[in-house]
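Here the structure is laid out as structure tokens; the discussion comes afterwards.
Just so it is clear, the structure is predicted and the values come from calculations on it, not from any experiment.
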Amino acid sequence: MAIVKPFRGLRPPREYVERVESRPYDVLNSEEARAEADGNPMSLYHIIKPEIDFPVGTSEYDPAVYEKAAENFRHFQEQGWLVQDEQEMYYIYAQTMNGRTQYGLVVAASVEDYLNGVIKKHELTRKDKEEDRMKHVRVNNANLEPVFFAYPDHAALDAIVAAYTGGEPEYRFVAPGDGFEHAFWLVDREEDIRKITEIFAGIPYLYIADGHHRSAAAALVGAEKGKTNPNHRGDEEYNYFMAVCFPASQLTILDYNRVVRDLNGLSASEFLKRLSADFEVACMGETPYRPSRLHEFSLYVDGAWYRLRLLPGRCDESSPIDALDVSISSRLILDKILGIKDLRSDKRIDFVGGLRGLEELKRRCDTGEMKAALALYPVSMQQIMDIADSGQIMPPKATWFEPKLRSGLIVHKLE
């Protein structure tokens, strides 16, 4: 069962929040962060992308960069740009995209739950990325950015959230980077804090939606601190890390699409003919075509869009992995026809998040940069939970959650 607890959040005063908040560290590069933070000493990028305070070209993995993160973190607190709450609380973080709002509870999640599988993952992590985030957690002694969890819908939690979100939020703003509305409330009534803790204790599993590397890093550093503390009790703050937990039904997963640089020596007509062995292929003309159901794909090649529908018997519907459209496209198109076997390392393929639209796929092909584009039907949260429950791992580049959590609304200190 899931262990969560309230915590004393470190947050910007209301008048500073829009200057402090930022996009997550991993959705933009150093130069984009440098541009977004230009002229704004309060931007969280100075802590989560501290290489922007060094000459252009400085490696984000330079030891001096990590030390700069800690220096800037201390500076933010000294200047009153981040101030710690006096009491332990839960928090509510709401995001509105295209008229649809999702409400997440900000909690301190258990390191032990991550290590023993109560917090379930569906992606592999890379050791180099884990170590980078672990260094960041160690040097700051804090979780600067939350991870993104899902939990099975629970009416009693919905009722508590609704009681707070009917009132005026602590923060409300439209982020310049994504154009979505973000709002934030404090859950400070003892009765509600107790109820939230008790309800989560009855929820068997939490699911990482986004932030696998941050989750791993936070949990590993917490475990590390426990082993090196001779007076370790198990209730210290480092035994927990910050997460925003959303009801699974509220989450939006967008398509995560593929573009390829060449057709493995085939002409467009030869490629289409090879596809017809496993798919019903129909030309849809020059108007962008979006897949409308599972096992349907959209292909853009040679200036035209094609609908690909999987023929019967081409996948094992009883297998949560084999029946995924990302698995089908990898096996029957990218590997079988185009010879692309490793999505993580092959330079002939790139990936485009669905928020950028089909026009971005078309543009990258029309410029000659790419030869073909493949659009997929989005993975569902139920598919993700089924795979996590079965102990299996999603194929690479399978999920794209929107909106992304903004960073800088709240920080969790480990002591």
Side-chain angles (χ1 to χ4, degrees), residues 23-24 26-36 38 49 56-57 60 97-98 176-180 253-276 279 281-292 296-309 325-326 328-379 395-404:
R23 291 196 278 165
D26 56 350
V27 301
L28 76 172
N29 62 35
S30 301
E31 293 319 301
E32 289 170 327
R34 190 187 301 273
E36 289 193 19
D38 186 39
K49 302 284 285 182
V56 173
E60 60 192 288
M97 179 179 76
N98 301 331
D178 58 28
F180 305 137
I253 307 175
L254 301 182
D255 42 313
Y256 207 172
N257 302 318
R258 285 86 169 102
V259 285
V260 295
R261 298 187 189 283
D262 63 73
L263 298 181
N264 202 26
L266 301 172
S267 67
S269 60
E270 290 169 333
F271 180 45
L272 292 166
K273 185 175 181 181
R274 292 279 300 273
L275 286 167
S276 66
F279 300 89
V281 180
C283 182
M284 308 304 286
E286 296 182 2
T287 302
Y289 178 78
R290 184 177 301 279
S292 60
E296 182 176 286
F297 305 84
S298 174
L299 172 71
Y300 182 72
V301 64
D302 220 16
W305 291 87
Y306 295 84
R307 183 188 69 206
L308 311 180
R309 284 184 176 166
D325 283 350
V326 287
I328 292 165
S329 62
S330 293
R331 185 176 68 254
L332 299 181
I333 302 175
L334 300 176
D335 183 354
K336 181 179 178 181
I337 302 176
L338 298 180
I340 297 171
K341 299 181 181 299
D342 188 345
L343 301 189
R344 287 188 175 86
S345 62
D346 200 309
K347 302 301 183 187
R348 297 170 55 218
I349 189 167
D350 198 7
F351 305 88
V352 180
L355 194 64
R356 305 187 72 174
L358 299 181
E359 286 297 333
E360 175 66 7
L361 302 182
K362 181 179 185 297
R363 184 194 69 77
R364 293 188 68 174
C365 293
D366 289 349
T367 60
E369 177 197 2
M370 296 292 179
K371 188 67 176 177
L374 190 68
L376 281 63
Y377 191 74
V379 173
K397 308 294 186 180
T399 58
W400 184 277
F401 287 87
E402 279 296 344
K404 301 293 185 189

- Message: Measuring from atom CG of Leu272 to atom CG of Asp302, what distance do you get when rounded to the nearest 0.5 angstrom?
- Response: 8.5 Å
- Query: What is the distance from atom CZ of Arg307 to atom OG of Ser298, rounded to the nearest 0.5 Å?
  - Reply: 10.5 Å
- Salt-bridged, Glu32 to Lys49, with N to O below 4.0 Å? no
- Note on the structure: Heavy-atom closest pair (Ala372 atom, Cys365 atom, distance to 0.1 Å) is C-SG, 3.5 Å
- Arg309 atom CZ: more than 12 heavy-atom contacts under 6.0 Å: yes
- Task: Could you grab the distance from atom CG of Asp255 to atom CD1 of Ile253, nearest 0.5 Å is fine?
- Result: 11.0 Å
- Closest heavy-atom pair and its distance - Ile328, Phe297: CG2-CZ, 3.9 Å
- Message: Can a side-chain donor-acceptor contact be found between Tyr289 and Glu296 if the only test is distance below 3.5 angstrom?
- Response: yes
- Item | Taking every non-hydrogen atom, the tightest pair across Arg258 and Pro396 | NH2-O, 3.3 Å
- Item | Residue pair Val301 / Ala268: nearest heavy atoms and the distance that separates them | CG2-CB, 4.1 Å
- Note on the structure: When every non-hydrogen atom of Leu376 is compared with those of Val326, the smallest separation belongs to CD2-CG1, 3.4 Å
- Qualifying salt bridge (Lys or Arg N to Asp or Glu O under 4.0 Å) pairs with a residue from residues 345-355, counting only residues at least two apart or across chains: Asp262-Arg348, Asp350-Arg364
- Query: Any side-chain heavy atom of Pro288 sitting closer than 4.5 Å to one from Glu359?
  - Reply: yes
- Message: With a 4.0 Å cut-off on N to O distance, would you call Glu270 and Lys273 a salt bridge?
- Response: no
- Query: Do Asn264 and Phe271 have side-chain heavy atoms sitting under 4.5 Å apart?
  - Reply: no
- Does atom CD of Glu369 have more than 12 heavy-atom neighbours, drawn from other residues, nucleotides or ligands, at distances under 6.0 Å? yes
- Message: Would the distance check show the side chain of Asp178 and the main-chain N or O of Pro403 forming a donor-acceptor pair, the cut-off being under 3.5 Å?
- Response: no
- Note on the structure: Interatomic distance, OG@Ser329 vs CG@Leu299, rounded to 0.5 Å, equals 11.5 Å
- Item | Pairwise side-chain contact, Leu343 with Lys397, heavy-atom cut-off 4.5 Å (strictly under) | no
- Evaluate the side chain to side chain contact (heavy atoms under 4.5 Å, CB included) criterion for residues Asn257 and Phe351: first the C-alpha distance (whole Å), next the side-chain angles of each, then the deciding distance (0.1 Å), finally the verdict. CA-CA 6 Å; Asn257 302 318; Phe351 305 88; over 6 Å; no
- Under 4.0 Å between a Lys/Arg side-chain N and an Asp/Glu carboxylate O for Asp366 and Lys362? yes
- Is Ile349 close to Leu334 at the side-chain level, that is, under 4.5 Å between some pair of heavy atoms? yes
- side chain to side chain contact (heavy atoms under 4.5 Å, CB included) between Lys336 and Ile333: does it pass, once the steps are laid out? CA-CA 6 Å; Lys336 181 179 178 181; Ile333 302 175; over 6 Å; no
- Residue pair Asp335 / Ser330, side-chain heavy-atom distance below 4.5 Å: no
- Message: Consider side-chain contact (heavy atoms from CB on, under 4.5 Å). Of Lys371, Met370, Arg363, which one does Val259 pass it with?
- Response: Met370
- Item | Derivation of the side chain to side chain contact (heavy atoms under 4.5 Å, CB included) call for Thr399 and Tyr256 | CA-CA 6 Å; Thr399 58; Tyr256 207 172; 5.8 Å; no
- Message: Please verify the inter-ring angle class for Trp305 with Tyr300; under 30° counts as parallel, over 60° as perpendicular, anything in between as tilted.
- Response: tilted
- Query: Hey, what do you get for CZ (Arg274) to CG (Leu332), rounding to the nearest 0.5 Å?
  - Reply: 11.5 Å
- Message: What verdict does the side chain to side chain contact (heavy atoms under 4.5 Å, CB included) test give for Asp342 and Ser345, after you've listed the backbone C-alpha separation in whole Å, the side-chain angles of each residue and the deciding distance to 0.1 Å?
- Response: CA-CA 6 Å; Asp342 188 345; Ser345 62; 2.9 Å; yes
- Task: Of all the heavy-atom pairs spanning Gly303 and Glu286, show the shortest one and how long it is.
- Result: O-CG, 3.9 Å
- Reported CG-to-CG distance for the pair Asp325 and Leu374, which is rounded to 0.5 angstrom: 9.5 Å
